[in-house]
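Quick notes on the structure that follows.
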Amino acid sequence: MYLKSLEVQGFKSFPDKTVLQFGSDITAIVGPNGSGKSNISDAISWVLGEQSSKALRGAKMEDVIFGGTQKRAPVGYAEATLVLDNQAGQLRIETPEVAITRRYYRSGESEYFINRQTARLRDTNELLMDTGLGRDGYSIIGQGKIDSIVAARSEDRREVFEEAAGISRFRYRKEESERRLNQAEENLLRLRDILTELEDRVGPLKEQSEKA
């Protein structure tokens, strides 16, 4: 599996639709400072589910949308699409290519697509689990990332190792099951409280009915 192409439109310094093609070997992107090199890696991280505007070098998520210049008006949304080669079937979709799209509007609404079909952020996260591309993945190593991993807590480093070992999917499912169990227990407690309250009302209502 490898990244075949990236298509961006309205994302940071790319107001017009721009398509970057990548080969199966090594692709290097060079250019002067301020030419938008870092915005390419930001777009990739963004499509893969990054939720922190700080990690995308912005103050708020709206900053990913092209804000306009003296000659260009701002746009209303940002969109990016990653096309991944899936010939080996590493992604759990039976297509030779997988296109993952994220779109964000100035109103704050987000849209996600997998192979042009409407999806959720959760669907994207589950699709990429154990591939190294997920939220806890190691495929994008930015400046200072190695130092942060070395200095991180053991729990945080463990997430990186679990992703590399291909078991983060099972940890996620375990946590999801535990959340559902906790929610079910809370619902049972509320139900018991309601039943207790109703039982307290039954006695007086029964007496009233008998008198009636």
Side-chain angles (χ1 to χ4, degrees), residues 1-14 16-30 36-52 55-56 61 64-65 77-105 109-143 145-146 149 156-177:
M1 181 179 66
Y2 67 92
L3 175 61
K4 296 189 69 174
S5 66
L6 169 66
E7 178 182 308
V8 290
Q9 181 174 1
F11 185 88
K12 290 197 171 184
S13 58
F14 297 95
D16 300 320
K17 181 182 291 186
T18 303
V19 180
L20 302 174
Q21 301 288 345
F22 302 99
S24 58
D25 296 322
I26 296 177
T27 300
I29 300 175
V30 298
K37 301 186 300 297
S38 297
N39 291 341
I40 296 174
S41 61
D42 287 345
I44 295 173
S45 298
W46 186 65
V47 176
L48 295 176
E50 180 59 64
Q51 298 298 302
S52 171
L56 298 169
M61 190 55 71
V64 304
I65 304 176
Y77 70 92
E79 179 179 318
T81 299
L82 292 182
V83 177
L84 300 171
D85 179 86
N86 192 40
Q87 295 285 351
Q90 190 171 354
L91 298 175
R92 297 182 299 279
I93 294 183
E94 295 182 358
T95 56
E97 291 183 351
V98 176
I100 302 173
T101 302
R102 182 176 181 179
R103 185 182 298 153
Y104 184 81
Y105 297 90
E109 298 177 356
S110 295
E111 292 179 338
Y112 299 88
F113 303 89
I114 298 177
N115 284 346
R116 309 301 177 184
Q117 300 295 317
T118 302
R120 304 166 299 175
L121 173 61
R122 176 177 176 178
D123 298 324
T124 299
N125 291 335
E126 291 182 351
L127 175 67
L128 298 173
M129 274 185 185
D130 301 334
T131 64
L133 293 174
R135 290 178 301 179
D136 302 325
Y138 47 84
S139 294
I140 300 178
I141 305 296
Q143 293 180 352
K145 182 67 176 292
I146 299 298
I149 293 176
D156 297 332
R157 288 200 301 269
R158 179 178 178 179
E159 292 181 354
V160 177
F161 297 146
E162 287 179 347
E163 178 76 14
I167 60 175
S168 60
R169 183 187 318 168
F170 305 106
R171 174 175 55 82
Y172 173 80
R173 290 177 180 173
K174 176 185 176 183
E175 293 173 353
E176 182 70 16
S177 299

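Below, all heavy atoms of this structure are taken into account, side chains as well, without hydrogens, waters or symmetry copies. For the single chain, residues carry numbers from 1 onward in sequence order. Please read these numbers as outputs of a predicted model, since none were measured by experiment.
By the 4.5 Å heavy-atom criterion applied to side chains, Phe11 and Thr18 are not counted as neighbours. Residues Leu121 and Gln51 are in side-chain contact: their nearest non-hydrogen atoms beyond the backbone lie under 4.5 Å apart. Taking the side chain as every heavy atom from C-beta outward, Phe14 and Ile40 approach each other to under 4.5 Å. Thr101 places a side-chain heavy atom less than 4.5 Å from the side chain of Arg116. Residues Met61 and Trp46 meet the side-chain proximity criterion, which asks for heavy atoms closer than 4.5 Å. In this structure, Leu128 and Ile100 have side chains that are in contact, with non-hydrogen atoms separated by less than 4.5 Å. Contact check for Asn86 versus Leu84: no side-chain heavy atoms found under the 4.5 Å cut-off.
When Leu82, Val83, Asn115 are each tested for a side chain to side chain contact (heavy atoms under 4.5 Å, CB included) with Val98, only one passes: Asn115.
Arg103 CZ to Glu79 CD: the interatomic distance, rounded to the nearest 0.5 Å, is 4.0 Å. Once rounded to the nearest 0.5 Å, the distance linking CG of Leu20 with NZ of Lys4 reads 15.0 Å. Rounding to the nearest 0.5 angstrom, the gap separating the CG atom in Leu56 from the CD atom in Glu50 is 5.5 Å. Rounding to the nearest 0.5 Å gives a distance of 11.5 Å between CD1 of Ile44 and CG of Asn39. Going from atom CG of Asp85 over to atom CD of Glu97 covers 7.0 Å, rounded to the nearest 0.5 Å. Distance CD/Glu126 to CZ/Arg92: 7.5 Å, rounded to 0.5 Å.
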Open item on the list: Working note: Phe113 + Thr118, criterion side-chain contact (heavy atoms from CB on, under 4.5 Å); need CA distance, chi angles, decisive distance, verdict.
Closed with: CA-CA 5 Å; Phe113 303 89; Thr118 302; 3.8 Å; yes
Open item on the list: Could you go through Ile93 and Leu127, starting from their C-alpha distance and side-chain angles, then the distance that decides it, and tell me whether this counts as side-chain contact (heavy atoms from CB on, under 4.5 Å)?
Closed with: CA-CA 8 Å; Ile93 294 183; Leu127 175 67; 3.9 Å; yes
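For the residue pair Ser13 and Gly36, the shortest heavy atom distance occurs at OG-CA, 4.0 Å. In terms of heavy-atom proximity, Ala43 sits nearest to Leu6 at CB-CD2, 4.3 Å. Between Arg102 and Gly49, the shortest heavy-atom distance links the atoms NH1-C, 3.9 Å.
By the ring pair (Phe, Tyr, Trp, His ring centres under 6.0 Å) test, Tyr77 is found to be paired with Tyr105, residues two or more places apart in sequence or in another chain being considered.
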